[in-house]
Amino acid sequence: MNLRVFRSAEEAGHAAAKAVAAQLARKPSSVLGLPTGRTTLAVYEELVRLHDIGEADFSRAHTFNIDEFVGVSPGDKRSYCSFMQKHLFTRINLPAGHIHFLNGGVRHHEAECDRFERDIASLGGMDLLLLGIGGNAHIGFNEPARMLRARSHRVRLALETRRSNAALFGGRLDRVPREALTMGVGTMLEARAIVLIATGRSKSRAVASVFSGRLSTQQPASVLQLHPNVEVILDLAAAEKLPQSGFDAQP
Ligand code: GLP
């Protein structure tokens, strides 16, 4: 596990964006796994800037977003799909046909999850998976549970997760869907490289689970310890429960 700690959330975001741009430079046809969330805003803003100055070319890349709300169609402005269009996809040269999502608006969720898995496999799997983390250590929408599922599936959302997503639904918790579709942890662990970004004190407990030396389905992000190529990018606040000190300066 490669850990990098930055002074600010913005610097951490820039470092994650650089990791994505470096992956695209190494392999222009990279298959990327992407998350949503407030943490990613600094990452996507920087990726757009890198794209604008010719340092991130998405023309041959494919993307797979890792989760979506059940009952929310891609065109719905509250969908994660719309979030991605607004903050990244409409601002870079990624061909529309290279954007892959779990469609939360379909009737048959199991078939949709199977299709998503097949599409990832047909492109040769993910080269780089960028992840955020929930305050309860969820990754994607894999919530703390008695069991974790390896493949993409429908999941019941934790109350804490629905609360932290309420802003997308006008601040109304009652309007946040109770279920979502998510990439499974087994599929995530098959990505050739994983970059996890977390910022802010509210993530520090969840981040500690990634370095605990213990695997627990109650802390889904702890499974990342099974992967041989994970880079964890933090700001100082998210790192405060880790037994290390010091930070990486932004070059
Ligand atoms: C959301 C998403 C995750 C994301 C996480 C962190 O609910 N399902 O994919 O990584 O929670 O979100 P934020 O960055 O807003 O804290």
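This one's a predicted model, so the numbers in the text were calculated from it and none came from an experiment. Read the numbers this way: they start at 1 and go in the same order the structure lists the ligands and their atoms. We count residues from 1, following the sequence as given.
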Undergrad: Output the list of atoms in ligand 1 that are nearer than 4.0 Å to some heavy atom of N165, sorted by atom number.
TA: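 In order of number, 7 (O).
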Undergrad: Check for a donor-acceptor pair, side chain of R162 on one end and backbone N or O of V176 on the other, with a separation under 3.5 Å.
TA: yes
Undergrad: Quick one: does S164 get a heavy atom under 4.0 Å from ligand 1?
TA: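 Judged by the 4.0 Å heavy-atom criterion, S164 does not count as contacting ligand 1.
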Undergrad: Short list, please: which atoms of ligand 1 are under 4.0 Å from a heavy atom of T39?
TA: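 Per the distance check, 13 (P), 14 (O), 16 (O).
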Undergrad: Less than 4.0 angstrom from a charged side-chain N to a carboxylate O is my criterion; do R49 and E46 meet it?
TA: yes
Undergrad: Indicate yes or no: does an N/O atom of G140 lie under 3.5 Å from an N/O atom of ligand 1?
TA: yes
Undergrad: Identify, by atom number and element, the atoms of ligand 1 in contact range of G37, meaning under 4.0 Å from any of its heavy atoms.
TA: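 Selected atoms, number and element: 12 (O), 13 (P), 14 (O), 15 (O).
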Undergrad: Do other residues, nucleotides or ligands put more than 12 heavy atoms under 6.0 Å from K27 NZ?
TA: yes
Undergrad: How far apart are the closest heavy atoms of P220 and A137, and which atoms are they?
TA: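 In terms of heavy atoms, the two residues are closest at CD-O, 3.3 Å.
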Undergrad: Any atoms of ligand 1 less than 4.0 Å from a non-hydrogen atom of G132? List them with their elements.
TA: 10 (O)
Undergrad: Consider side chain to side chain contact (heavy atoms under 4.5 Å, CB included). Of L102, L181, N165, V72, which one does Y80 pass it with?
TA: N165
Undergrad: Number the atoms of ligand 1 from 1 as they appear, then name those within less than 4.0 Å of a heavy atom of Y80, with their elements.
TA: 1 (C), 2 (C), 7 (O), 8 (N)
Undergrad: Are there over 12 heavy-atom neighbours, none belonging to Q218, within less than 6.0 Å of that residue's CD?
TA: yes
Undergrad: At less than 4.0 angstrom from any non-hydrogen atom of T36, what atoms of ligand 1 do you find?
TA: 4 (C), 10 (O)
Undergrad: Would you mind listing which atoms of ligand 1 come within a distance below 4.0 Å of any non-hydrogen atom of K203?
TA: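 Listed by number with element: 6 (C), 13 (P), 14 (O), 16 (O).
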Undergrad: Starting from atom 11 (O) of ligand 1, which protein heavy atom do you reach first, and at what distance in Å?
TA: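 Protein heavy atom at minimum distance: H138 NE2, 3.0 Å.
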